[in-house]
Amino acid sequence: SPKLNQAMGIDGNNILAESLKKQGIEYVFGIVGIPVIETSLAFQAAGIKYVGMRNEQAACYAAQAIGYLTGKPGVCLVVSGPGLLHCIGGMANAQVNCWPLIVIAGSCPEDHEGIGGFQEWLQVESSRLYCKYAFRPPSARLIPLHVEKAVRYASSGRPGVAYLDMPATLLMAEVDEDKVPLDYYATGPARLAHPDPELVEQAAELLSKADRPLIIVGKGAAYGKAEESLCKLVNVTKVPFLPTPMGKGVVPDNSEFCVSTARTQALLKADVILLLGARMNWMLHFGQTPRYAPDVKIIQVDITPEELHNSVKSEIAVHSDIKPFVDGLIQKLTEKKYSLQTSSTWWQALKEKQKKNTEFVEAQSNDKSVPLNYYAVFKTVQANIPQDSIIVSEGANTMDIGRGLLLNNKPRHRLDAGTFGTMGVGPGFAVAAAMWCRDYAPNKRVICVEGDSAFGFSGMEIETMFRYKLPVIIIIVNNNGIYSGFDKEMMKDIQSSGDIAQCTPPTALSTEVRYEKMMEMFGATGHLCRTVEEIETALKAAVAVTDRPSIINILINPQANRKPQTFNWLTESKL
Ligand code: ADP
Ligand code: MG
């Protein structure tokens with residue numbers, strides 16, 4: 001066995017590998033080099049899957065996506081100095097999204113520290129801002145203890161990030177195997193935090209008296225696997241619900257009670273809001289006027305007590321896992337004394353708004369004129385992808401408009417730029433999602449819908465997808481720029497009008513870039529589309545391919561935009 005270097009000796013690499021395995025870690029994403037090559041080999045020898053990627057940031061995104069999908073932290077393994085620093089953006093993204101992640105970096109030998117060691121950097125200190133726990137195990141013997149702690153910190157309470165620093169000297173240190181507490185305890189299946197029954201009663205009382213109730217389903221409900229309970233709650237109470245972007249699919253988007261198409265109205269007019277696993281941050285307009293009624297009453301449920309009353313005071317604030325709270329609430333609400341009667345005028349108002357918005361979207365999406373608009377593209381994509389695919393999406397308009405048209409009817413089937421609004425997450429997320437599908441849902445597909453700018457951040461992960469034979473379908477909605485771009489002729493005129501760095505618009509990218517030709521680097525062919533028919537043909541071909549990724553490059557109208565909004569984004573607006 002590779003872990004036995006001497007008669008009874010085991011080194012730091014193998015202690016680390018065995019400890020992670022004992023804690024149930026399944027997946028590691030990373031990039032190796034000195035001093036973690038042996039570490040990656042030890043992981044594989046211990047029965048852990050290792051996926052080598054092309055940029056540490058993408059590896060970090062992949063590791064956190066697998067954490068969100070499985071509820072168990074993924075590990076990101078990187079080299080010292082620059083390797084770890086490239087991960088920092090990914091660590092912040094996981095921490096801000098409350099996703100479990102463990103980052104492990106090699107670091108320079110301890111006896112080279114302070115004298116200009118190779119890639120020497122203050123790694124623990126650098127990580128601390130982005131972590132719940134950041135530590136360098138003091139000896140090889142104590143690695144299992146800190147691995148257990150890293151897993152526990154990353155996955156319990158509000159999930160987040162743990163960092164373990166592994167100097168080359170520590171990884172190579174040999175210890176008597178029987179002196180290593182390899183069986184250092186593993187945290188058993190987490191017990192759910194139950195709500196105070198009195199608060200459940202109060203919530204039932206308030207909700208049953210509401211005239212215009214609304215349920216908001218956040219990604220905390222998705223992460224907490226509360227789908228069964230939540231579907232039941234919605235179907236029993238018939239209260240309208242609104243998913244947040246990654247809360248989509250906990251209750252199916254195609255449920256008759258979903259009011260996504262009347263989002264602004266629902267938030268603005270609700271008198272009681274049941275907030276389940278979502279923060280009242282920028283995405284939910286802080287729960288404040290002018291986006292909400294000034295006297296709206298909020299029932300807030302969150303696993304994190306510190307989150308309660310944040311940004312807006314809740315009428316009832318419950319520290320609980322979503323699932324046991326919702327189960328308790330259903331039980332209460334089905335008691336005789338409560339008769340939940342959502343007023344028909346509330347539903348009528350919402351339905352009217354839904355109808356109006358749907359009409360706009362339909363008109364746009366039926367407009368097949370070339371160059372295409374976003375709505376026509378997404379309608380065609382939605383109609384031609386396999387049911388219940390995992391949708392990965394990023395970009396500005398691409399993500400925002402796509403969210404309304406690409407439906408999720410299963411929980412944890414949408415991965416996007418998230419709470420931190422991070423661009424560049426797509427390919428990393430898609431690699432993780434496709435690995436997960438391969439192991440747990442072999443017929444499920446991953447559709448990665450990218451703006452052309454967003455794709456540029458991590459596009460080289462296409463090589464990772466080829467290497468691991470991951471059948472991700474990458475759709476690039478290409479408008480030659482950030483937010484919007486320019487067509488070929490306009491760009492030519494603009495760029496010849498003066499100094500190139502002074503006249504090229506900062507939001508512009510090269511026009512009609514043939515991203516699909518990246519497929520040719522691997523001996524395959526991509527798809528270039530300008531029309532609805534071409535998109536249909538390309539998607540059919542891509543769906544039929546199951547042993548490699550595909551790229552569908554859709555050239556759209558560079559000036560295409562989204563539906564005019566009632567409120568300006570992030571700015572206050574007078575009604
Ligand atoms: P969204 O992006 O959907 O609005 P956020 O990331 O803002 O969601 O909020 C998710 C919230 O869910 C966080 O405050 C987190 O503490 C909470 N949370 C995570 N897991 C659970 C769980 N199992 N039960 C209850 N709350 C949870
Ligand atoms: Mg673009």
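Heads up: numbering here begins at 1 and tracks the sequence. Start at 1 and go down the list; that is how both ligands and their atoms are numbered. It should be emphasised that the depicted structure is a prediction, and the values quoted were computed from it without experimental measurement.
Remark: minimum distance from atom 10 (C) of ligand 1 to any protein heavy atom is reached at Gly277 O, 3.2 Å. Looking only at protein heavy atoms, the nearest one to atom 15 (C) of ligand 1 is Asp302 OD1, 3.4 Å. The protein atom (non-hydrogen) at minimum distance from atom 27 (C) of ligand 1 is Ile303 CG2, 3.3 Å. What sits closest to atom 1 (P) of ligand 1 on the protein, heavy atoms only, is Thr244 OG1, 3.6 Å. The protein non-hydrogen atom at the shortest distance from atom 22 (C) of ligand 1 is Asp321 OD1, 3.3 Å. What sits closest to atom 5 (P) of ligand 1 on the protein, heavy atoms only, is Arg279 NE, 3.4 Å. Counting only heavy atoms of the protein, atom 12 (O) of ligand 1 lies nearest to Gly220 CA, 3.3 Å.
For a distance bound of 2.8 Å, the N, O or S atoms of Asn397 include none lying that close to the Mg ion (ligand 2). The Mg ion (ligand 2) has no N, O or S atom of Gly485 inside 2.8 Å of it.
As for Asp452, its N/O/S atom nearest the Mg ion (ligand 2) is the one called OD1.
Considering backbone and side-chain N/O of Leu284, none are found under 3.5 Å from N/O of ligand 1. Checked against a 3.5 angstrom limit, the closest N/O atoms of Val301 and ligand 1 fall outside it. Taking only nitrogen or oxygen atoms, main chain and side chain alike, Lys219 reaches within less than 3.5 Å of ligand 1.
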Open item on the list: As a quick check of understanding, evaluate side-chain contact (heavy atoms from CB on, under 4.5 Å) for Leu308 and Ser314, giving each step before the final call.
Closed with: CA-CA 7 Å; Leu308 301 175; Ser314 295; over 6 Å; no
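No hydrogens or angles considered: a donor-acceptor pair under 3.5 Å links the side chains of Thr504 and Gln495. Remark: the Lys219 side chain and the Thr419 side chain contain an N/O donor-acceptor pair separated by less than 3.5 Å. With hydrogens and angles left out, the side-chain atoms of Tyr374 and Asp400 include no donor and acceptor closer than 3.5 Å. Counting only N and O atoms by type, the side chains of Ser393 and Asp416 include no donor and acceptor under 3.5 Å apart. For Gln64 and Asn97, the side-chain atoms include no donor-acceptor pair closer than 3.5 Å.
Under 4.0 Å from ligand 1, the heavy atoms of Asn281 that appear belong solely to its side chain. Contact annotation: for Ser320 versus ligand 1, heavy atoms closer than 4.0 Å belong to the backbone alone.
Centred on the Mg ion (ligand 2), the angle running from Gly481 (O) to Asn479 (OD1) is recorded as 90°, rounding to 10°.
At least one heavy atom of Arg158 sits less than 4.0 Å from an atom of ligand 1.
How far CD1 of Ile401 is from CG of Leu406: 11.0 Å, rounded to the nearest 0.5 Å. To the nearest 0.5 angstrom, Ile535 atom CD1 is 4.0 Å from Ile554 atom CD1.
Residues Arg158 and Glu307 are paired through a salt bridge, judged by an N-O separation under 4.0 Å between the basic side chain and the carboxylate. Ion pairing between a basic and an acidic side chain is recognised when a charged N comes within 4.0 Å of a carboxylate O; Lys72 and Glu26 show no such pairing.
Listed by atom number, the atoms of ligand 1 under 4.0 Å from Gly218 heavy atoms are 3 (O). Within the listing of ligand 1, atoms 16 (O) sit less than 4.0 angstrom from a heavy atom of Thr304. Which parts of ligand 1 touch Gly224 is read off a 4.0 Å heavy-atom cut-off, strictly below it: atoms 23 (N). With ligand atoms numbered from 1 in the order given, ligand 1 contributes 2 (O), 6 (O) to contacts under 4.0 Å with heavy atoms of Thr419.
Here atom 24 (N) of ligand 1 lies nearest to Ile322 when heavy atoms of Leu276, Ile322, Val250, Leu275 are compared.
Among the candidates Glu534, Arg514, Lys517, Glu512, the single residue satisfying the side chain to side chain contact (heavy atoms under 4.5 Å, CB included) test with Leu528 is Arg514. A side chain to side chain contact (heavy atoms under 4.5 Å, CB included) with Arg291 is found for one member of Leu268, Val296, Thr264 and no other, namely Thr264.
Applying the salt bridge (Lys or Arg N to Asp or Glu O under 4.0 Å) test to Asp271 and every residue at least two apart in sequence or in another chain returns nothing.
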